[in-house]
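Below: one structure, written as structure tokens.
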Amino acid sequence: MAQKYEYKVAIYREPLLGSIFLGGSRVDPERYSKFLNNNAQDGWEVVTMERELRRELLFFKREAFLTVMKREFSGK
């Protein structure tokens, strides 16, 4: 019997205030690691991620990571 998975897509980005005050905001590696570890505790495994710059409020940019995760389907 083939394993079944469920998938989750999450966009991780820093708060907008950094972009407003600094003109741009980069993802903090420690906070992003904490985000990934919190999801891993719930059984999520990263399948892929992509870095992107998102424009906010016309003039400001924020770095973001689009992260696709999977875990074994529990049937609930």
All heavy atoms of R13 vs all of I11, minimum pair found to be NH1-CG2, 3.3 Å
So salt bridge (Lys or Arg N to Asp or Glu O under 4.0 Å) across residues 41-52, not counting sequence neighbours, yields R51-E63, E52-R54
Could you measure the distance from the CG atom of N39 to the OG1 atom of T67? Nearest 0.5 Å is fine.
8.5 Å
Does a sphere of radius 6.0 Å around NZ in K8 hold more than 12 heavy atoms from other residues, nucleotides or ligands, not counting ones at 6.0 Å or beyond?
yes
Contacts of E6 meeting salt bridge (Lys or Arg N to Asp or Glu O under 4.0 Å) (sequence neighbours excluded), chain-then-number -> R71
Count I, L, V, M, F, W, Y as connected when their side-chain heavy atoms are under 4.5 Å apart, and connections chain through other members. Are Y5 and W44 then in the same cluster?
no
If the condition is side-chain contact (heavy atoms from CB on, under 4.5 Å), which residues does V47 pass it with, not counting sequence neighbours?
Y7, V68, K70
Is there a side-chain hydrogen bond (donor to acceptor under 3.5 Å, both in side chains) between E30 and Y32? Walk through the geometry before answering.
CA-CA 5 Å; E30 288 182 28; Y32 186 56; over 6 Å; no
Evaluate Y12 against F35 for ring-ring contact (aromatic ring centres under 6.0 Å, His included), listing each step before the verdict.
CA-CA 8 Å; Y12 180 86; F35 165 80; 5.1 Å; yes
